[in-house]
J.: 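Can you read through this structure? Questions will come right after.
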Amino acid sequence: MVPPPGSTATPNSARSTPPTSAPRSASRSAACSYPSTAALPDSMLHGLDAFAERIAAALAAALDLPADVVRLERPRHDEHGEFAYPCFRIAKERGVNPAQMAQDLAAGLDIDGVGAAAVGPFLNFTIAGTDLAAAVLAASLSDSFGRGSDGRTTLVEYSSPNIAKPMHIGHLRTTVIGAALARMYDFLGHRVVRINHIGDWGSQFGKLLAAWARWGDDDALKADPIGHLLKLYVQFHAEEEQDTGLKDEAKAAFRALESGQECPERALWRRFTELSLGDFETIYQRLGAHFDLVRGESWYEDQLEGLVQWLDECGVLEESDGAQVVDLSSEGIKTPCLVRTGHGTTLYATRDLAAARSRWQEFAFDHCLYVVGAEQTLHFQQFRMVLKRCGSDWWDRIEHIPFGLVRFAEGKLSTRAGRVLRLQEVLDRAVELAREIVEEKNPEHADKQRVAEQVGIGAVVFHDLKHQRQKDVLFDWKEVLSFEGDTGPYLQYTHARCCSILRKSGRPAPSFDEVDSALLQDSRELLVALGRFPAAVREAGDKREPMLVAQALLRLGASANAFYRERRVLGGDDPALENARLAAIDAVRRTLASGLGLLGVPTPEEM
RNA sequence: GCGCCCGUAGCUCAGUCGGAUAGAGCGGCUGAUUCCUAAUCAGCAGGUCGCAGGUUCAAAUCCUGCCGGGCGCACCA
């Protein structure tokens, strides 16, 4: 799974120094309040989508407008129905009273399965109970509930750790967000290519090699590879100030590496890379992340000359203070993009440009997303604009997906100073706590360690994904390790409860044909929560925002818990009712499994 | 100094290209378990949406200024 060094790493590592932070500006194509379904094939119409489309079409006809300009809203309060259309704007354009207009529209509209009512200037739509139950149940019992058949090619670059450094809490965000986005696009029918651009190149490796030559210890390396390499890195930075010889040794070592010749430095570098990748792989397995392409920055080594030459042929290359740069002032960016230093070495941007060009030639992508901390916004703006200046017609398919910094109440962490919070430690502590709780709440469980792993990881992953991507997040053990309230374990618990009920029914879940869905009319809130899942996934994809899926699942979880607390499913005296409720429970179970699966939160059947 | 991001309840956060009484979790207080897992549910208390102007029928949301916090600003990645 992990390619050998030389054909390995790609840049993200360089992408993640210490924890990360702020966002960038290039905004994405935003979805409307309720994403339009007009352009979607029937296969994507699920849940409430079909009603939204019907309403929009009827409204468009009544108003004599194109269907795609009719934007429905989601009312804040249940009593206002499932969809709403405020009449202010249109009424103003047409010089009529909005409330009167709402009333006229309500009186004139006749939509199958949907009631329209005017409340002041608002036109509210409420789906008829039987139609709602039938449509939502049928859709949510389907294996393709929420799936799409988009067909676009989307590359997602994420995680991208640095060789010889432990994955820390900052890597959690890029890994978890990137993996979730990749799964979502796959679910929506994109052709997805997951890329891990590992930081295996650059002058820092000269430092590491120099430090190894001085203080390296083979036994220590074998015992704890990353730990030892980190120690060397820290020691280098502690001593380089007082020891100019050390710096020279580092430069010499990197030159040897860069020469491309086989040499002791290169052999060592390859060994460090292999050890690091092995370490990363264990984390990826725990987080359920995987990659189609693991390419280190070094993979592009032999493309760098050609890249610089290409820039020159495009006529954008300039010399400035001995370095080669691309001026971007015409694009509104004051800082030029540096592609070759005065000493002739290439840089981060050079490697990214080469990588992007290589990916374009290989995949002809529709989108190439970079899930990288917001502090690198300027870098991505520059890099896109260089491609624009070169006259590429695909520069705007490159998109930085920034995310906020992980912050600590106790102050900043620093890799150089050796103060890091290892991702492994975070996961271990979460699992350990989960183990204690399982021990206490379900001492009979057949495989406590396995559930503890699932619940602990689920808590950490969900905690990250329930926040808006680009906001900084405060790392607080109490919150990350919380298993109650709006948390991953809460949803896992809900899923396990559903599984438990289905298990105890002692038979396969009823199929839609066997159910009188009208018996579920009293569970409107649950049906609506289920029915909104497909739109949530679609909008999350459009906005590159996994949080929207997390929020939709929390709403579903809350209504599901209320549902089975208030209503006995099994053992009543009405077999038809039991059947219908069992089907609803199955729909919740399927949807939670599907949604949590997209986020990378495991779904144990018992906990 | 310049640029970008953020500022909603005690805490952590939602709030749909501006729209109807600003929502949820945690914490606090009341209650609920003869019954499918109480990692749960029902309810109460708690908010000048950083401040000041502006645009609009309508502003937490858009514009301007200010305050506070963060990140970035070529030979690192």
Side-chain angles (χ1 to χ4, degrees), chain A residues 11-17 20-25 30-35 71 73-77 80 84 86-89 91-92 98 119-122 124 162 199 201-204 297 320-325 333-345 347-349 351 373-379 381-382 402 404-405 407 434 437-438 440-442 455 463 466-468 470-474 476 478-479 482-487 489-490 492-494 496-498 500-505 539 547-548 551 554-555 558 561-562 564-566 568-571 585 606-607:
Chain A
N12 260 2
S13 61
R15 311 210 187 287
S16 51
T17 355
T20 347
S21 81
R24 136 205 206 245
S25 48
C32 53
S33 43
Y34 193 85
R71 296 230 155 98
E73 292 189 359
R74 184 164 61 228
R76 265 195 232 273
H77 304 279
H80 291 144
C87 298
F88 303 97
R89 200 177 320 242
K92 190 169 187 180
V119 178
F122 289 88
N124 295 331
N162 283 314
W201 207 242
S203 51
Q204 82 247 26
E297 295 183 281
S320 171
D321 296 335
Q324 288 178 297
V325 306
I333 298 174
K334 289 178 186 168
T335 316
C337 183
L338 194 68
V339 296
R340 194 198 293 278
T341 69
H343 319 297
T345 51
L347 296 111
Y348 189 47
R351 278 165 244 147
E375 73 281 353
Q376 293 192 40
T377 294
L378 176 61
H379 164 72
Q381 285 176 332
Q382 290 179 314
L405 181 64
R407 236 163 244 311
I437 294 177
V438 176
E440 169 200 330
K441 298 203 183 235
N442 192 354
V455 172
H463 175 265
K466 78 172 175 182
H467 296 103
Q468 259 181 59
Q470 76 236 57
K471 288 195 180 176
D472 288 357
V473 301
L474 186 74
D476 178 352
K478 279 201 303 291
E479 297 233 350
S482 165
F483 295 176
E484 292 172 11
D486 285 352
T487 65
Y490 170 75
Q492 292 175 312
Y493 167 80
T494 310
R497 286 289 307 270
C498 292
S500 170
I501 293 172
L502 289 161
R503 203 162 47 232
K504 289 186 176 168
S505 76
E539 194 177 348
M547 177 209 73
L548 296 171
Q551 298 288 339
L554 286 172
R555 265 178 260 127
N561 274 292
Y564 55 57
R565 173 152 297 273
E566 291 162 18
R568 179 80 200 177
V569 175
L570 302 175
I585 291 293
E606 188 185 346
M607 64 186 271

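Each chain gets a letter, A, B and so on, in the order the sequences are listed, and its residues count up from 1.
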J.: Would you mind classifying the nucleic acid contact of A/K92 as base, sugar-phosphate or nothing, using non-hydrogen atoms under 4.0 angstrom?
T.: base
J.: Please give me the minimum heavy-atom distance between A/T487 and A/S482, naming the atom from each residue.
T.: CG2-O, 3.5 Å
J.: Between N or O atoms, less than 3.5 Å apart, protein on one side and nucleotides 18-22 of chain B on the other: list the pairs.
T.:
from	atom 1	to	atom 2	distance (Å)
B/A20	OP2	A/R76	NE	3.0
B/A20	OP2	A/R76	NH2	2.9
B/A20	N6	A/N124	OD1	3.0
B/A20	N1	A/N124	OD1	2.9
B/A20	N1	A/N124	ND2	2.9
B/U21	O4	A/E79	OE2	2.6

J.: Give each protein N/O atom lying under 3.5 Å from an N/O atom of nucleotides 41-48 of chain B, with the pair distance.
T.:
from	atom 1	to	atom 2	distance (Å)
B/C41	OP1	A/Y490	OH	2.7
B/C41	O4'	A/R565	NE	3.3

J.: Identify whether any heavy atom of A/L347 sits under 4.0 Å from a base atom; if not, whether one sits that close to sugar-phosphate; answer base, sugar-phosphate or nothing.
T.: sugar-phosphate
J.: With sugar-phosphate meaning primed atoms plus P, OP1 and OP2, does A/K504 contact a base, only sugar-phosphate, or nothing at under 4.0 Å between heavy atoms?
T.: sugar-phosphate
J.: Would you indicate what A/D476 reaches in the nucleic acid, counting non-hydrogen atoms under 4.0 angstrom: base, sugar-phosphate, or nothing?
T.: nothing
J.: Does A/Q376 reach the side chain of A/Y348, with side-chain heavy atoms less than 4.5 Å apart?
T.: yes
J.: Applying a 4.0 Å non-hydrogen cut-off, can you work out what A/M547 is touching in the nucleic acid: base, sugar-phosphate, or nothing?
T.: sugar-phosphate
J.: Just how far, in rounded Å, is P of B/C76 from CG of A/L338?
T.: 8 Å
J.: If a pair means Watson-Crick or G-U wobble with both distances below 3.5 Å, what does RNA chain B look like in dot-bracket form, with | marking bases paired to a different strand?
T.: (((((((..((((.....[...)))).(((((.......))))).....(((((..]....))))))))))))....
J.: Around A/R89, counting heavy atoms of other residues, nucleotides and ligands shown, do more than 12 lie under 6.0 Å from its CZ?
T.: no
J.: More 5' along RNA chain B: A/L570 or A/V473, using each one's nearest nucleotide?
T.: A/V473
J.: B/A74 base to A/S320 side chain: any donor-acceptor pair below 3.5 Å?
T.: yes
J.: Without hydrogens or angle criteria, can the side chains of A/N561 and A/Y490 be said to hold a donor-acceptor pair below 3.5 Å?
T.: yes
J.: Whole Å only: how far is the NE2 atom of A/H463 from the C1' atom of B/A39?
T.: 17 Å
J.: With a 4.5 Å cut-off on side-chain heavy atoms, are A/R76 and A/H80 touching?
T.: no
J.: Pick base, sugar-phosphate or nothing for A/Q468, based on heavy-atom distances below 4.0 Å to the nucleic acid.
T.: sugar-phosphate
J.: Let me know, please, whether A/Y564 or A/E484 comes out on the 5' side of the other along RNA chain B by nearest nucleotide.
T.: A/Y564
